[in-house]
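What follows is one structure encoded as structure tokens, with my remarks underneath.
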Amino acid sequence: MILADGGEAVGGLLFFTVAFALGVLVVWVVLAATLYGLSYLVMVYYPASVLLGLPAGIGCAAVVVARDLLTAGHRAERTVTPADVADHDYFGRPPRGESRWFGWDRAWPRYLPFQARRDLVDAARAATAFLGGRSRQVWSECADPAPLLLYTLFGALPHLAFAVGFVVSATFLLAVCTVAVLIGWLLQCTAIVALRAVDAVIRRVFRLSTRCVKCYEVTPLPSYRCGGCSIVHRDLRPGRLGVLWHRCECAAVLPTMITRASGWALRKNIVCPRCGHGLPEGTGSRQTIQVPTFGAVGAGKTRLLFAAAVGLYEVYAAGNTTIEPLDDHSGEELERARDLITAGRRTVKTAHGPTPEALGILVTPERKRPFELHLLDAAGEHFSMKEGAESLHYLHSAETLLLVIDPFATDELRAAIPDPATAGLVVGAAAPEDSYSITIEQLRSAGLHTNKRALGIVVSKVDDLRRLGFDGGLDPRDQDTIVGWLVDHGLDNLVARARQDFRSVHYFLADSMGLSVADPCHPVHTLHWLTRQVGVDLVPAPAAGMRL
């Protein structure tokens with residue numbers, strides 16, 4: 001009995017020992033397997049997942065950023081449109097210069113940096129949304145302990161490697177794009193400054209100007225009407241809306257720079273920015289010379305300009321220089337001038353209106369740049385009353401002026417010819433000095449300096465002076481004889497004032513009754529001197545035997 005009990009105890013002990021050993025072995029095996037698995041994770045899986053996760057993140061970021069940038073044009077709500085520029089104050093300030101009163105044109109802004117900046121922001125948002133969305137999706141699937149454990153063991157490090165690769169790649173790509181945008185923007189700014197400078201230098205060297213034949217506004221920045229949709233663009237200089245080209249709202253492409261726009265694609269679509277009047281073809285690509293006349297009613301201003309214009313056709317008849325009217329109005333006036341001068345008819349008095357429209361002539365020499373002549377003739381009433389010349393804005397911008405004196409309006413000849421009609425004369429209504437004083441005082445009150453300008457003084461109706469015997473030794477080639485005649489007939493004060501008021505004064509005798517241009521009294525000589533004051537030889541010498 002005792003042996004039996006002792007055997008059971010030994011057996012139980014032996015069983016416990018074996019069971020304990022087996023338990024230790026199992027635990028050992030489990031621990032060994034766990035350690036082996038962990039070593040596999042640490043030594044193989046984790047490095048492999050990092051090596052795969054980083055490039056996967058890099059490649060995925062490249063795909064996300066590139067796809068967003070390439071499809072940016074399909075996001076209409078994020079596109080900077082002409083409406084944003086013109087109506088919604090996209091730039092935050094009005095344009096600088098002459099176009100500031102009109103606001104920004106309805107044109108597409110440059111891609112760099114304006115649309116590019118918005119596209120880069122959208123690409124960064126797309127990358128952030130992609131990574132954040134995938135991360136939130138993974139976390140939502142790890143709500144239970146088991147998935148969380150599995151994610152912790154097998155997914156956390158690959159996810160982290162992917163995220164690091166994605167963030168680094170997206171940041172690098174966006175940084176590269178940003179640097180490229182900045183470099184492109186700097187190059188564009190340099191090109192804009194250079195092109196504007198070139199445009200300004202060309203216009204200054206060749207004296208290119210834009211002067212409206214309707215309202216006489218002188219502007220350095222003409223407007224242009226789009227040929228596709230008729231929208232008027234106020235500023236085609238290189239700038240925020242384009243470097244070499246502006247793209248209109250209708251997608252029409254317009255060249256920048258005044259010299260390119262006026263001399264090329266938009267030469268027929270030029271508009272005065274002040275009055276909206278369509279300007280002659282090519283305005284702004286050539287020098288414009290205004291020839292404004294002033295003087296009393298009946299002094300002979302209209303006929304003098306008509307005779308000078310007709311004389312130009314005679315001067316250029318034998319050469320290769322072409323002459324043509326600038327617009328329809330000028331064409332009609334030139335036809336009227338030819339008929340009047342050829343037939344020797346009297347000139348109809350110029351109607352007293354607010355402002356005259358210029359008689360525009362385009363002169364195209366064979367080997368020189370073309371230029372415009374604007375012959376401006378206002379009714380004499382403007383120069384016979386105080387502030388009468390206030391509306392004649394062309395007097396403010398003209399570089400030369402032309403005073404026409406009726407010799408029979410002097411006190412001495414009025415007394416000598418009490419009945420002008422009997423002598424076949426039309427005498428000016430006011431004294432020459434009155435017209436001069438009114439005009440000069442008006443210019444001074446407008447803050448203008450006449451001492452920087454040239455003045456031509458024309459004694460008109462020389463044919464009548466000779467016919468009636470009052471020419472008194474006048475010689476059109478001798479300035480002193482003309483000045484002496486004016487002084488002897490009571491205009492000494494006018495002569496003295498003109499010498500003080502103007503930079504240069506020259507005196508002429510004019511016979512506007514159809515003389516040959518070879519005659520020194522032909523008005524074309526006066527016109528030639530005026531144009532030479534602004535650097536243009538109107539009549540190449542020698543021409544038609546003229547002595548100019």
Side-chain angles (χ1 to χ4, degrees), residues 66-123 126 177 180-181 184-185 187-196 198-199 210 219 221-273 276-279 281-285:
R67 182 183 62 186
D68 190 83
L69 290 176
L70 291 175
T71 59
H74 300 293
R75 295 191 295 271
E77 71 282 358
R78 293 291 293 167
T79 301
V80 183
T81 65
D84 295 326
V85 171
D87 301 333
H88 303 147
D89 197 24
Y90 173 77
F91 293 128
R93 65 167 180 82
R96 295 188 175 94
E98 298 294 322
S99 61
R100 64 187 180 277
W101 310 113
F102 301 101
W104 294 99
D105 291 335
R106 301 192 72 85
W108 295 87
R110 297 196 327 258
Y111 182 78
L112 300 178
F114 307 109
Q115 185 63 50
R117 181 174 56 196
R118 185 171 287 187
D119 289 347
L120 289 175
V121 171
D122 290 348
C177 292
V181 168
W185 174 64
L187 291 175
Q188 285 187 337
C189 289
T190 303
I192 287 170
V193 172
L195 290 174
R196 286 198 178 195
V198 168
D199 201 27
T210 303
T219 175
L221 194 61
S223 299
Y224 300 88
R225 192 179 304 280
C226 173
C229 63
S230 297
I231 289 178
V232 175
H233 292 260
R234 303 295 183 178
D235 190 351
L236 285 187
R237 293 176 300 174
R240 296 190 172 203
L241 300 182
V243 180
L244 290 173
W245 309 94
H246 278 200
R247 191 157 63 97
C248 179
E249 188 174 33
C250 70
V253 177
L254 313 176
T256 60
M257 301 173 63
I258 297 172
T259 49
R260 292 175 66 217
S262 289
W264 180 38
L266 298 176
R267 59 183 295 109
K268 295 183 179 180
N269 300 349
I270 309 169
V271 177
C272 174
H277 181 70
L279 297 179
E281 180 179 340
T283 297
S285 64

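- More than 12 heavy-atom neighbours from other residues, nucleotides or ligands sit within 6.0 angstrom of CH2 on W245.
- Between the side chains of Y224 and S262, at least one donor-acceptor pair of N or O atoms lies under 3.5 Å.
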Open item on the list: Using side-chain contact (heavy atoms from CB on, under 4.5 Å), reason through I192 and R110 one step at a time and then give a plain yes or no.
Closed with: CA-CA 12 Å; I192 287 170; R110 297 196 327 258; 3.3 Å; yes
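- In this structure, R106 pairs ionically with D87, as a charged nitrogen and a carboxylate oxygen lie closer than 4.0 Å.
- Contact check for P222 versus T283: no side-chain heavy atoms found under the 4.5 Å cut-off.
- What you find for L241 and P109 is that their closest heavy atoms are CD2-CA, 3.9 Å.
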TODO: Apply the test salt bridge (Lys or Arg N to Asp or Glu O under 4.0 Å) to residues R75 and D68: give CA-CA distance (whole Å), side-chain angles for both, the deciding distance (0.1 Å), then the verdict.
DONE: CA-CA 10 Å; R75 295 191 295 271; D68 190 83; 3.3 Å; yes
Open item on the list: Apply side-chain contact (heavy atoms from CB on, under 4.5 Å) to residues F114 and Y90 and explain how you reach the verdict.
Closed with: CA-CA 10 Å; F114 307 109; Y90 173 77; 3.6 Å; yes
Open item on the list: Quick one, Q115 with T79, criterion side-chain contact (heavy atoms from CB on, under 4.5 Å). Give me CA distance, side-chain angles, the key distance, then yes/no.
Closed with: CA-CA 7 Å; Q115 185 63 50; T79 301; 4.0 Å; yes
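- Between R237 and D199 there is no salt bridge, since no side-chain N of the basic residue sits under 4.0 Å from a carboxylate O of the acidic one.
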- [ ] Check the pair D235 / F102 against side-chain contact (heavy atoms from CB on, under 4.5 Å), numbers first and verdict last.
- [x] CA-CA 9 Å; D235 190 351; F102 301 101; over 6 Å; no
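- Across L266, L221, I258, a single residue satisfies side-chain contact (heavy atoms from CB on, under 4.5 Å) together with L236, and that is L266.
- Scored by the side chain to side chain donor-acceptor pair (under 3.5 Å) test, T210 finds no partners at all (sequence neighbours excluded).
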- [ ] Decide side chain to side chain donor-acceptor pair (under 3.5 Å) for R225 and S230; before the verdict, give the C-alpha distance in whole Å, the side-chain angles of both, and the deciding distance to 0.1 Å.
- [x] CA-CA 5 Å; R225 192 179 304 280; S230 297; 5.5 Å; no
